[in-house]
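From a predicted model like this one, the values you see are computed outputs, not experimental measurements.
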Amino acid sequence: MVSTTESTDEATLNAIRQRLMETGDWDRIQKLLREQLEENGWVDDLKDLAKEKARAQETPNLGNLIKEISETARGMINESTRRDVAQEIEAVLDREVDQA
């Protein structure tokens, strides 16, 4: 059973995501993230990891591959990229709160 706190948190995150999309900030932040991941070699490293894991599967299955590499992929994101994206999100949220 989903707790009230979990559903409230999910509703809050959905509202924030919706507002970010309405203002165009969602696309801007995604672009920043994508550029930094490419610059830092994360994209190439992830492709290499995915190829390695896919070759090791007896029967190739995209869903299983995604499950297998997702946690590792998140862990491969460097700290400066995490910090930069978090700062952008915080700046947008601060601006939105000030306008409210």
Can you tell me how far the CD1 atom of I16 sits from the CD1 atom of I89, to the nearest 0.5 Å? 9.5 Å
Taken to the nearest 0.5 Å, the spacing of L46 CG from K51 NZ works out to 11.0 Å
Give the minimum heavy-atom separation between D25 and T23, together with the two atoms involved. OD2-OG1, 2.8 Å
Nearest-0.5 Å distance that lies between atom CG in N14 and atom CG in D9: 11.0 Å
So which heavy atom on M76 is nearest to which on L49, and how close? SD-CD2, 4.0 Å
CD on E35 to CD on Q30, rounded to 0.5 Å: 12.0 Å
Going from CE on M21 to CG on D27, what distance comes out if it is rounded to the nearest 0.5 angstrom? 9.0 Å
In a table with atom names and distances, give each donor-acceptor pair under 3.5 Å that connects a side chain of residues 37-44 to protein atoms at least two apart or in another chain.
from: N40; atom 1: ND2; to: Q36; atom 2: O; distance (Å): 2.9
from: N40; atom 1: ND2; to: T81; atom 2: OG1; distance (Å): 2.8
from: W42; atom 1: NE1; to: A73; atom 2: O; distance (Å): 3.0

Would you name the heavy atoms of V92 and R28 that are closest together and state the gap between them? CG2-NH2, 3.4 Å
Report the distance from atom CD of E90 to atom CZ of R83, rounding to the nearest 0.5 Å. 12.0 Å
Would E22 and R19 satisfy salt bridge (Lys or Arg N to Asp or Glu O under 4.0 Å), going step by step from the backbone distance to the final call? CA-CA 5 Å; E22 289 170 0; R19 182 64 183 153; 3.4 Å; yes
Expected list for residues 55-69: side-chain donor-acceptor pairs under 3.5 angstrom, two or more places apart:
from: Q57; atom 1: OE1; to: N61; atom 2: N; distance (Å): 2.9
from: N61; atom 1: OD1; to: G63; atom 2: N; distance (Å): 3.0
from: N61; atom 1: OD1; to: N64; atom 2: N; distance (Å): 2.9

